[in-house]
Amino acid sequence: MRDPGFDITCARPLSHRFYDRDPRRVARELLGKVLVRKHGRKLLAGRIVEVEAYMGANDPAAHAAAGPTARNLVLFGPPGFAYVYFIYGNHYCLNVSCMSEGKAGCVLFRALEPVAGLAQMFVARGLSMPEREPRLTDLRLLTTGPGRLTQALGITRARDNGKDLTTFSDLTILDDSCCAGRVVTTPRTGITKAADAKLRYVIAGNPFVSGKSEGRSQK
DNA sequence: TTATAGATTGCCT
DNA sequence: GGCAATCTATAAT
């Protein structure tokens, strides 16, 4: 299977300073960046096409709303670190911490456009590999959705929670100077509190954005 | 100690 | 479109 690929030679991790800002700003600017997982000698990577911003005490939908706990401690730590939690008894979700130490805030990764290691992603997701070049409907099952993208990249709480995403370890976010294109904001999905705040950011027209038609028919 | 809701997904009709 | 699966954090006894 052919990987779309990306130019890793000119890609570099984002600095802690990048994440040391309002999550809304970080979320918008994370679109178009590349989430990279080292899997043995292979690279698994996906371009970030959909994220959500979560704030601190003033955001009732945020895990950090009630203050620091054993689970959400990473959110109150320094910016640029992975916050991984387990949800609905089935899925892991990946966030990156924002704001300086002591202040909570994060960005949730909701969908990626797979660019490298697609064959391994099919394996990790427990999907059978398409015989021919995969269709969009097959590819969307890999990394469209917060629970799916963590499974495709093998991200778990035990393995990745608290990891520094600004160093090139086995999990990092790279900037390859790709232009994200037009960004659309919508209400966050799957939450009941503060459900009207437009804190979901997607790349307009990108086919890997979650939802039925968002990003596909709408340009 | 027990109950319940949850930043989801996949399979059912 | 509806709902079960299945763990954990937090609220309620």
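Note that these values count all heavy atoms, side chains included, but never hydrogens, waters or copies made by symmetry. All chains are named by letter (A, B, ...) in the order of the sequence lines, taking the proteins before the strands, and each is independently numbered beginning at 1.
Closest approach of A:Met99 to A:Ala104, counting heavy atoms only: CG-O, 3.6 Å. Residues A:Thr166 and A:Ser15 share a closest heavy-atom pair of CG2-C, 4.0 Å.
Using a 4.0 Å heavy-atom cutoff across all strands shown, A:Arg188 reaches no nucleic acid atom at all. Heavy atoms of A:Arg157 sit nowhere under 4.0 angstrom from any nucleic acid atom.
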Original post:
Would A:Val36 and A:Leu43 count as a side-chain contact (heavy atoms from CB on, under 4.5 Å) if you check the C-alpha gap in whole Å, the side-chain angles of each, and the deciding distance to 0.1 Å?
Top reply: CA-CA 7 Å; A:Val36 179; A:Leu43 282 189; 3.8 Å; yes
**OP:** Kindly determine whether A:Arg37 and A:Asp160 satisfy salt bridge (Lys or Arg N to Asp or Glu O under 4.0 Å), including the steps that lead there.
**Re:** CA-CA 11 Å; A:Arg37 163 68 111 189; A:Asp160 299 300; 2.8 Å; yes
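For A:Arg17, the CZ atom is loosely surrounded, since the number of other residues' heavy atoms within 6.0 Å does not exceed 12.
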Between the protein and nucleotides 3-5 of chain C, which nitrogen or oxygen pairs are less than 3.5 angstrom apart?
from  : atom 1 : to      : atom 2 : distance (Å)
C:dA5 : N3     : A:Asn90 : ND2    : 2.9

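Under the side chain to side chain donor-acceptor pair (under 3.5 Å) criterion, A:Thr189 pairs with A:Glu52, A:Arg110, not counting sequence neighbours. A:Pro134 pairs by the side-chain contact (heavy atoms from CB on, under 4.5 Å) definition with A:Met1, A:Phe122, A:Pro130, A:Asp138, A:Leu139, not counting sequence neighbours. Under the rule for a side-chain contact (heavy atoms from CB on, under 4.5 Å), the partners of A:Val183 that lie at least two apart in sequence or sit in another chain are A:Arg28, A:Leu31, A:Tyr201. Scanning for salt bridge (Lys or Arg N to Asp or Glu O under 4.0 Å) contacts around A:Arg25 gives A:Glu29, with sequence neighbours left out. Residues passing the side chain to side chain donor-acceptor pair (under 3.5 Å) test with A:Asp20, sequence neighbours excluded: none.
In this structure, CD1 of A:Ile87 is placed 11 Å from P of C:dT10, rounded to the nearest angstrom.
Counting only distance, with no hydrogens or angles, the side chain of A:Asp3 and the backbone of A:Leu118 share a donor-acceptor pair below 3.5 Å. Without hydrogens or angle criteria, A:Thr144 side chain to A:Val209 main chain gives no donor-acceptor distance under 3.5 Å. When atom types are taken as modelled, the side chain of A:Asn161 and the backbone of A:Val84 share a donor-acceptor pair closer than 3.5 angstrom. A:Arg188 places a side-chain N or O within 3.5 Å of a backbone atom of A:Ala53 that can act as its donor or acceptor partner.
Comparing the same atom, P, in C:dG1 and in B:dA7 gives a spacing of 22 Å after rounding to whole Å.
Salt bridge annotation for A:Asp170-A:Lys163: present, with a cationic side-chain nitrogen under 4.0 angstrom from a carboxylate oxygen. Ion pairing of A:Arg47 with A:Asp176 is present here, as a side-chain N (NZ or NE/NH1/NH2) and a carboxylate O approach within less than 4.0 Å.
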Determine all donor-acceptor pairs shorter than 3.5 Å in which one atom belongs to a side chain in residues 62-71 of chain A; sequence neighbours excluded.
from    : atom 1 : to      : atom 2 : distance (Å)
A:His63 : ND1    : A:Tyr83 : OH     : 2.7
A:Thr69 : OG1    : A:Arg71 : N      : 3.4
A:Thr69 : OG1    : A:Asn72 : N      : 3.4
A:Thr69 : OG1    : A:Asn72 : OD1    : 3.4
A:Thr69 : OG1    : A:Asn72 : ND2    : 3.4

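Taking every heavy atom of residues 158-166 of chain A and every atom of DNA chain B, no pair lies under 4.0 Å. Non-hydrogen atoms lying under 4.0 Å from DNA chain B are contributed by A:Tyr54, A:Ala61, A:His63, all within residues 47-63 of chain A. Residues from residues 143-155 of chain A with heavy atoms under 4.0 angstrom of DNA chain B, sorted by number: A:Gly145, A:Pro146, A:Gly147, A:Arg148.
In this structure, A:Cys106 and A:Arg125 both approach DNA chain B, and ranking their closest nucleotides by distance from the 5' end singles out A:Cys106.
Every stem involving DNA chain B, taken as at least 3 paired positions in a row under the Watson-Crick or G-U wobble test at 3.5 Å, is listed here: B:1-6 with C:7-12, B:8-12 with C:1-5.
The closest side-chain donor-acceptor pair between A:Arg148 and A:Thr143, if any, does not fall under 3.5 angstrom.
Read 5' to 3', the first and last nucleotides of DNA chain B with an atom closer than 4.0 Å to a heavy atom of chain A are B:dG6 to B:dG10.
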